[in-house]
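In this text, all values refer to a predicted model and were calculated from it rather than measured experimentally.
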Amino acid sequence: MFRQKIEQVDTLRDRQLLEEKEHEMTLTMTGDSLEGAVGNLFQVMRKQIFQEIGHPIIQMETSAVYFQEVKIKRETERFLFLFMPRERVYFTITAKIVVKVKYLNITKEDF
C-alpha cells in the first residue's frame, strides 16, 4: 500500500486573513425589460469583481447604486412586414455601483 505524504502549513496560523474593500464600477447593460437589464447589470458586476479581486470572496454587499443613464428603445415588429404588429421595448442602463467586498487575503503562493 502506498503512503501519502501529509504536509502541515503553518504560515497562515493565527494570521488575520479577512479583509474588506470598497469597490466602485460603472457598467452599461441592455435587457428586454427593466428587471432583465438590472439583472444583467448585477450578473456582470459579480463576474467582474471575482476577476478583479483574485482572492476567495466571502461576502459582497451593494452599498450604493446610481443610475447615470437610462435609455428606452421601442421597435414595432410585424410578421411578413404587414401582419400582427407588436411593440418591443429594450432598456439600456448605465449605472455606478459601489460594493463592499469581504475576502480572504490568501493566494496559492502562501501554500
Side-chain angles (χ1 to χ4, degrees):
M1 193 172 215
F2 296 104
R3 290 202 162 202
Q4 295 178 352
K5 184 178 178 186
I6 298 174
E7 182 180 335
Q8 183 168 336
V9 179
D10 289 330
T11 57
L12 301 174
R13 175 175 274 170
D14 296 329
R15 192 173 116 191
Q16 165 59 352
L17 300 174
L18 187 65
E19 293 196 14
E20 186 173 340
K21 180 180 185 180
E22 192 165 276
H23 201 72
E24 183 178 310
M25 62 183 62
T26 303
L27 299 169
T28 301
M29 287 305 300
T30 301
D32 56 358
S33 67
L34 181 61
E35 294 83 7
V38 171
N40 291 341
L41 197 67
F42 280 92
Q43 186 177 16
V44 169
M45 178 215 52
R46 283 189 295 274
K47 286 180 184 177
Q48 189 171 337
I49 286 177
F50 275 109
Q51 288 176 348
E52 290 178 10
I53 296 293
H55 296 286
I57 294 178
I58 302 300
Q59 181 183 18
M60 283 191 276
E61 178 183 342
T62 305
S63 57
V65 177
Y66 303 98
F67 279 11
Q68 295 177 328
E69 188 175 72
V70 178
K71 294 180 182 177
I72 300 174
K73 179 181 174 184
R74 299 178 193 275
E75 293 180 350
T76 302
E77 295 180 343
R78 297 176 190 274
F79 179 70
L80 294 176
F81 301 106
L82 297 171
F83 306 107
M84 299 169 38
R86 72 173 183 175
E87 187 176 75
R88 299 280 309 224
V89 179
Y90 299 97
F91 290 84
T92 302
I93 299 173
T94 301
K96 182 172 81 170
I97 303 172
V98 180
V99 181
K100 289 182 186 175
V101 181
K102 291 184 181 181
Y103 61 95
L104 295 180
N105 190 12
I106 57 174
T107 60
K108 291 180 183 176
E109 289 78 33
D110 292 333
F111 299 99

Would you mind reporting whether Lys73 and Lys71 have side-chain heavy atoms less than 4.5 Å apart? no

Please report the shortest heavy-atom distance between Thr94 and Thr26, naming the atom on each side. CG2-CG2, 4.0 Å

When you group the ILVMFWY residues by side-chain heavy-atom contacts below 4.5 Å and let the links chain together, are Val44 and Met60 in the same group? yes

Are Val101 and Val98 linked, directly or through intermediate hydrophobic residues, by side-chain heavy-atom contacts shorter than 4.5 Å (ILVMFWY only)? no

Scanning both residues in full, the closest heavy-atom pair of Ser63 with Glu22 reads OG-OE1, 4.3 Å

Is there side-chain contact between Leu27 and Met45, with heavy atoms separated by less than 4.5 Å? yes

Mind listing the closest non-hydrogen atom pair of Ala37 and Gly31 along with its distance? CB-N, 3.7 Å

Is there a continuous path of hydrophobic side-chain contacts, each under 4.5 Å between heavy atoms, that joins Met25 to Val65? yes

Does the distance from a Lys or Arg side-chain N to an Asp or Glu carboxylate O, for Lys21 and Glu19, drop under 4.0 Å? no

Quick one: CD on Glu20 to CD1 on Ile58, what's the gap to the nearest 0.5 Å? 12.0 Å

Transitively linked via ILVMFWY side-chain contacts under 4.5 Å: Phe67 with Ile72? yes

Within this structure, what is the NZ-CD distance for the pair Lys47 and Glu52, rounded to the nearest 0.5 Å? 14.5 Å

Looking at Thr62 and Phe42, what are the two nearest heavy atoms and their distance? OG1-CE2, 3.8 Å

Rounded to the nearest 0.5 angstrom, the CD-CZ distance for Glu77 and Arg86 is 4.5 Å

Path from Val70 to Met29 over hydrophobic side-chain contacts below 4.5 Å: yes

Nearest 0.5 Å, what's the NZ-CD distance between Lys100 and Gln59? 9.5 Å

With rounding to the nearest 0.5 angstrom, report the CG to CG distance, Leu104 to Leu18. 6.5 Å

Work out which heavy atom in Thr30 is nearest to a heavy atom in Thr92; give both atom names and the distance. OG1-OG1, 3.2 Å

With a 4.5 Å heavy-atom cut-off, do Asn40 and Gln43 have their side chains touching? yes

State whether the side chain of Asp32 and the backbone N or O of Arg88 hold a donor-acceptor pair below 3.5 Å, judged by distance alone. no

According to side-chain hydrogen bond (donor to acceptor under 3.5 Å, both in side chains), who are the partners of Arg74, at least two apart in sequence or on a separate chain? none

